[in-house]
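What follows is a single structure, written as structure tokens, with notes after it.
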Amino acid sequence: MTIQIGDRIPDATLTTMTADGPKPVTTAELFGGKTVALFAVPGAFTPTCSARHLPGYVDNRADLAAKGVDTVACLSVNDAFVMGAWAKANDLNGVDDVVMLADGNGDFTRSVGLSLDAKGFGMGERSQRYSMLVKDGVVDQLNIEQGGEFKVSSAEHLLAQL
């Protein structure tokens, strides 16, 4: 079942890449007591994700902060090394920019009901493209893209909802 507005984010452990290597981060740590703009992509370095989705959140980070967003985070069913490389390729430091979250086994993605079967593209199980605003661990806004689209999960759309 897909997570809905008003639902609490499930307990899960994701991974971020640090200078010392992969570091686990729990959803309680990430979302507790904060307003988080989370967006998910089918894959790091993929065309739409790299050309439009991630750059939109990077470019709008200050505007999101001005509207009360404490953290902007990007999630993908990739490993922490790939997410770290994608962050480096985009000059992101992960603190003031966008936190890059690896859901390597897709456990979080499955638990929120937003997995995508991308086997036809040779990518296995991935995440659907979406954005959500989470306030103190509770989903306040949820924007799930239709297959192949990039509209409602954009930073600009989420900003308009704030």
Side-chain angles (χ1 to χ4, degrees), residues 1-16 27 30-31 34-80 82-83 85-87 89-90 92 97-162:
M1 185 167 157
T2 303
I3 198 164
Q4 301 291 315
I5 292 173
D7 289 350
R8 181 158 289 285
I9 293 290
D11 290 331
T13 300
L14 301 163
T15 310
T16 60
T27 51
L30 182 66
F31 297 106
K34 298 178 211 154
T35 298
V36 179
L38 174 70
F39 68 102
V41 299
F45 293 106
T46 57
T48 301
C49 305
S50 290
R52 298 177 64 201
H53 211 170
L54 178 60
Y57 280 91
V58 171
D59 293 345
N60 286 286
R61 175 66 184 104
D63 294 332
L64 288 161
K67 297 266 189 164
V69 172
D70 300 304
T71 304
V72 175
C74 174
L75 180 135
S76 185
V77 179
N78 285 113
D79 62 63
V82 169
M83 293 302 282
W86 199 29
N90 285 278
L92 301 178
D97 293 315
V98 175
V99 177
M100 303 298 269
L101 300 169
D103 183 19
N105 294 325
D107 295 336
F108 175 82
T109 298
R110 278 189 302 282
S111 72
V112 295
L114 290 167
S115 60
L116 169 72
D117 181 353
K119 292 176 191 147
F121 303 103
M123 296 170 62
E125 183 181 6
R126 296 295 178 114
S127 175
Q128 291 183 48
R129 184 182 307 281
Y130 66 87
S131 70
M132 65 171 71
L133 186 70
V134 182
K135 294 183 177 180
D136 193 21
V138 176
V139 179
D140 186 71
Q141 296 291 334
L142 177 62
N143 308 297
I144 305 168
E145 294 289 358
Q146 297 299 311
E149 290 188 356
F150 176 67
K151 296 175 185 173
V152 300
S153 66
S154 71
E156 295 80 9
H157 185 84
L158 191 61
L159 260 172
Q161 293 177 310
L162 299 175

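All heavy atoms count here, side chains included; hydrogens, waters and symmetry mates do not.
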Side chain Asp63, main chain Asn60, donor-acceptor under 3.5 Å:
no

Only one of Ile9, Asp11, Leu114 clears side chain to side chain contact (heavy atoms under 4.5 Å, CB included) with Phe108; which?
Ile9

Which atom pair, heavy atoms only, marks the closest approach of Ala80 to Ala102?
N-CB, 3.4 Å

Angle class for the Trp86/Phe45 ring planes (parallel below 30°, perpendicular above 60°, tilted otherwise)?
tilted

Determine, stepwise, if the pair Ile3 / Met132 fulfils side chain to side chain contact (heavy atoms under 4.5 Å, CB included).
CA-CA 10 Å; Ile3 198 164; Met132 65 171 71; 4.1 Å; yes

Which heavy-atom pair separates Val41 from Cys74 by the least distance, and what is that distance?
CG2-SG, 4.3 Å

Would a distance-only check, ignoring hydrogens and angles, find a side-chain to backbone donor-acceptor pair under 3.5 Å from Ser127 to Val77?
no

So which heavy atom on Gln4 is nearest to which on Val139, and how close?
O-CB, 3.7 Å

Side-chain donor/acceptor of Glu145 to backbone N/O of Val152, under 3.5 Å
yes

Test your reading of the model: is there a side-chain donor-acceptor pair from Asp79 to the backbone of Gly104, 3.5 Å cut-off?
no

Should we say atom NZ of Lys34 is surrounded by more than 12 heavy atoms from elsewhere, each under 6.0 Å from it?
yes

Any donor-acceptor N/O pair, Asp140 side chain to Lys135 backbone, under 3.5 Å
no

Ala155 to Gly56 - nearest heavy-atom pair and separation:
CB-O, 3.4 Å

Only one of Thr15, Leu14, Asn78, Asp103 forms a side chain to side chain contact (heavy atoms under 4.5 Å, CB included) with Met83, so which one is it?
Asn78

Would you say that Thr27 contacts Pro10 through its side chain, given a criterion of any heavy-atom pair below 4.5 Å between the two side chains?
no

Validation row: Leu92, Leu54 side chains within 4.5 angstrom (heavy atoms):
yes

Interatomic spacing from CE in Met1 to CG in Asp7 - rounded to 0.5 Å
6.5 Å

In Å and rounded to the nearest 0.5 Å, what is the CD1 to CD distance from Ile5 to Gln141?
5.0 Å

Side-chain (Ser115) to main-chain (Thr109) donor-acceptor, under 3.5 angstrom:
no

Donor-acceptor pair, distance only, cut-off 3.5 Å: does the side chain of Arg110 make one with the backbone of Asn105?
yes

CG/Asp136: more than 12 non-hydrogen atoms of other groups inside 6.0 Å:
yes

Qualifying residue for side chain to side chain contact (heavy atoms under 4.5 Å, CB included) with Tyr57, from Leu159, Leu158, Leu38:
Leu158

When rounded to the nearest 0.5 Å, the distance separating CZ of Arg129 from NZ of Lys151 is 13.0 Å

Measure the shortest side-chain to side-chain distance between Thr71 and Phe31 over non-hydrogen atoms and say whether it is less than 4.5 angstrom.
no

Backbone N/O of Gly113 and side chain of Thr2: donor-acceptor pair under 3.5 Å
yes

If I take atom CG from residue Leu142 and atom OG from residue Ser131, how far apart are they, to the nearest 0.5 angstrom?
7.5 Å

Tell me, do Gln161 and Asn143 make a side-chain contact under 4.5 Å, heavy atoms counted?
yes

Check whether any side-chain N or O of His53 sits under 3.5 Å from a backbone N or O of Ser153 as a donor-acceptor pair, and report yes or no.
yes

Does some side-chain heavy atom of Leu64 sit less than 4.5 Å from a side-chain heavy atom of Leu162?
yes

